[in-house]
Amino acid sequence: MMPLHYIVLIICLLLLVFLCRKEWMRANRKRLTARLLASLLAVVSLAYLILPIGKGRPVTPAKTVLQPTDTPNGIAAIYWPRQINAGSALQVQGLFNNKENHPVKLLLSGFNERLDSATIPAQQQQSFIFNTRPKHAGRALYSLTAVAKDTIEKETIPLEVLPVKPLKVLLLAAAPDFEHKFLAGWLSQNGYMVAARTAISKNKYSYTYLDTTRFPLEQLTPALLDAFDVLVADAAALAALNARELAAIRTQVADKGLGLLVKTDSGAARNFYNQPFPLTALADKSERPVTLQLAGTNAMLRMEAPVYITSTPGTQALVTDAQQHILAGSSLYGSGKLVNTTLHNTYSWLLAGNRESYQNLWLLLLQKAARTRPQTAQWFIGTALPRVRMPVTLRLETSTPQPMATVNGARLSLAQDAVLPFQWQGTYWPTQAGWQEAVAATGDTCHWYAFDENAWQPIAAREQQRQGSITATGADTATLPKIYVVIVLLLALTFLWVEEKMV
């Protein structure tokens with residue numbers, strides 16, 4: 001549809017042509033120039049009254065003055081993910097401004113248990129990072145407390161832990177080994193559907209099916225691969241595949257989003273699945289304990305001749321050692337994801353009773369690699385710290401035309417994005433602090449938390465200072481008062497009427 005201002009301008013131009021032609025065609029040629037000028041002034045005045053012509057346009061260059069801001073005492077910045085998958089780590093990052101004359105202790109707590117802490121020195125501004133691994137499922141409220149002699153600030157950290165949907169995993173091994181055996185058993189114990197093909201000699205395989213019925217695994221076909229979320233394979237097992245099987249895997253990853261997790265080594269042949277992960281092997285082949293950093297935790301693993309992944313653009317480090325050498329990384333490949341790891345003896349954690357480190361590693365690798373199943377709708381909360389009695393932006397992404405949604409049972413008015421037709425946006429004003437529920441007509445639900453109006457005061461004060469720190473001066477505007485335009489319009493019309501009556 002044509003914008004309104006274009007329609008008004010076209011009508012005004014047609015009116016101007018009509019008036020000028022009318023005056024031109026009159027037999028009386030006296031005062032023709034004045035009549036044409038009055039017609040022009042009348043139409044221009046009319047257009048000015050209807051359209052915002054000239055409003056807000058600066059006549060003199062504006063000068064921007066930055067007013068100095070004073071960062072309030074307390075938590076000046078904060079971030080944490082509002083949702084995590086079960087088994088994942090929760091990381092809370094922030095900035096604390098300590099204006100006290102003594103140190104301030106920050107405490108992250110949950111379920112009446114102290115989870116992590118940090119000390120901020122007196123008269124200093126310092127960042128902090130807290131790590132914990134929630135063991136609950138569903139929604140919960142953690143707390144972040146700043147304590148000196150008394151409690152300076154106490155804030156709520158809402159979190160929703162989503163259940164991990166068991167994946168369908170296909171394992172390929174070049175030979176029987178403990179790493180392969182223990183991984184298959186752990187996957188089955190955690191509800192994953194597992195099918196495994198292990199080479200026992202040339203062109204001979206053994207097959208394992210856990211939590212699933214038997215089906216042919218002799219050939220890897222597109223239809224077979226389409227039934228799985230992740231393919232976990234040794235680099236040697238991939239190198240032994242025929243060209244048709246390898247092409248089927250590549251197509252499934254690039255076009256259909258299959259996740260490919262490769263256990264690689266320095267002798268792996270270069271192919272599409274390890275191209276983003278160049279390797280470096282140390283000259284020292286002796287066995288040594290290596291401290292691994294993964295998902296915000298540390299774990300010790302004895303390794304012999306560790307091989308590292310060289311950091312390249314587009315590659316994300318997932319597991320590193322204390323010297324930041326990469327031992328597992330991920331990269332996008334078309335619609336799918338590639339994950340490579342040089343860790344080959346993680347089963348020793350299970351033998352030593354360290355089940356937590358084993359679970360942390362493989363949950364991370366599998367979740368990073370897993371195929372993303374399409375959703376009918378997805379919610380996003382556009383306001384960082386929603387508060388009661390303040391507008392909160394909610395965005396719904398869906399392919400459904402003219403979607404409908406509710407928040408806490410009340411209908412949410414949605415407007416379609418002008419550029420991205422699958423995005424719809426609405427505004428909601430929460431009336432009570434606590435968990436809120438947004439529901440699309442398809443049933444897709446999002447739970448989000450509205451804070452009390454007194455929550456996160458230092459951050460709110462800092463935001464207000466930032467908004468008021470830029471002042472425009474010298475920006476006189478070319479806005480002509482409408483009363484003058486009305487007077488010009490009336491004078492022009494009066495002249496035309498009187499002039500026509502004159503003999």
Side-chain angles (χ1 to χ4, degrees), residues 164-265 267-269 271-274 333 336-351 355 358-359 361-363 365-371 373:
V164 176
K165 297 179 180 178
L167 302 173
K168 298 177 180 179
V169 181
L170 174 61
L171 301 179
L172 299 181
D177 63 7
F178 286 113
E179 187 78 345
H180 178 83
K181 177 182 178 181
F182 277 89
L183 178 58
W186 177 82
L187 290 170
S188 177
Q189 292 169 12
N190 286 273
Y192 294 84
M193 189 204 86
V194 182
R197 190 179 83 176
T198 305
I200 53 178
S201 63
K202 187 175 181 178
N203 296 326
K204 289 187 178 180
Y205 305 95
S206 66
Y207 304 99
T208 303
Y209 302 88
L210 302 174
D211 300 311
T212 181
T213 56
R214 296 180 63 87
F215 49 85
L217 273 178
E218 290 77 13
Q219 289 292 322
L220 303 182
T221 64
L224 173 67
L225 295 171
D226 196 50
F228 291 92
D229 299 302
V230 182
L231 170 59
V232 181
D234 300 331
L238 292 175
L241 297 177
N242 59 50
R244 182 177 299 176
E245 289 179 311
L246 194 60
I249 293 175
R250 183 170 186 166
T251 300
Q252 275 290 319
V253 175
D255 298 341
K256 300 297 183 63
L258 174 68
L260 177 56
L261 199 167
V262 182
K263 296 181 288 180
T264 191
D265 55 47
N271 212 310
F272 80 94
Y273 48 82
N274 55 21
Y333 189 80
K337 286 164 283 188
L338 303 173
V339 173
N340 269 41
T341 176
T342 60
L343 301 172
H344 291 275
N345 63 329
T346 62
Y347 68 90
S348 61
W349 276 329
L350 293 179
L351 293 176
R355 189 174 184 84
Y358 188 89
Q359 175 173 296
L361 172 69
W362 284 103
L363 276 177
L365 298 182
L366 290 167
Q367 289 173 8
K368 284 292 182 181
R371 187 198 304 265
R373 296 294 181 180

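- Ring geometry for F182 versus Y347: interplanar angle under 30°, hence parallel rather than tilted (30 to 60°).
- Rounded to the nearest 0.5 angstrom, L238 CG and L231 CG are separated by 6.5 Å.
- Remark: side-chain polar atoms of R371 are not paired, donor with acceptor, to backbone N or O of G336 under 3.5 angstrom.
- Contact between T346 and E179 at its shortest, heavy atoms only, is OG1-OE2, 2.5 Å.
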Legend entry - From CA spacing to verdict: salt bridge (charged side-chain N to carboxylate O under 4.0 Å, His left out), K168, D229: CA-CA 5 Å; K168 298 177 180 179; D229 299 302; over 6 Å; no
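- Once rounded to the nearest 0.5 Å, the distance linking CH2 of W362 with CH2 of W186 reads 9.0 Å.
- Going from atom NZ of K165 over to atom CG of L167 covers 10.5 Å, rounded to the nearest 0.5 Å.
- Looking only at side-chain heavy atoms (C-beta outward), F178 and L351 stay at 4.5 Å or farther from each other.
- Between T342 and T264 the shortest side-chain heavy-atom distance falls below 4.5 Å.
- Residues S188 and D211 share a closest heavy-atom pair of OG-OD2, 3.1 Å.
- Of all non-hydrogen atoms in E245 and E218, the two that sit nearest each other are OE2-O, 3.7 Å.
- Of the possible donor and acceptor atoms, none in the side chain of D234 sits under 3.5 Å from a partner among the backbone N and O of A237.
- Taking NE2 of H344 as the reference point, atom CG of D177 lies at 9.5 Å (rounded to 0.5 Å).
- Note that CD1 of I200 is 9.0 Å distant from OH of Y207, once rounded to the nearest 0.5 Å.
- At a threshold of 4.5 Å between non-hydrogen side-chain atoms, the residues Q367 and V339 do not count as touching.
- M193 is listed as a side-chain neighbour of F228, based on a closest heavy-atom distance under 4.5 Å.
- The closest side-chain heavy-atom distance from V232 to L365 is not below 4.5 Å.
- Between V253 and K337, the closest heavy-atom pair is CG1-N, 4.3 Å.
- Between L338 and V262, the closest side-chain pair of non-hydrogen atoms is not below 4.5 Å.
- Put simply, the residue from V230, I249, L220 that forms a side-chain contact (heavy atoms from CB on, under 4.5 Å) with L170 is L220.
- At a threshold of 4.5 Å between non-hydrogen side-chain atoms, the residues Q219 and N242 count as touching.
- Side-chain atoms of T208 and L171, non-hydrogen and from C-beta on, never get closer than 4.5 Å to each other.
- Ring planes of F215 and Y209: perpendicular class, angle over 60° (limits at 30 and 60°).
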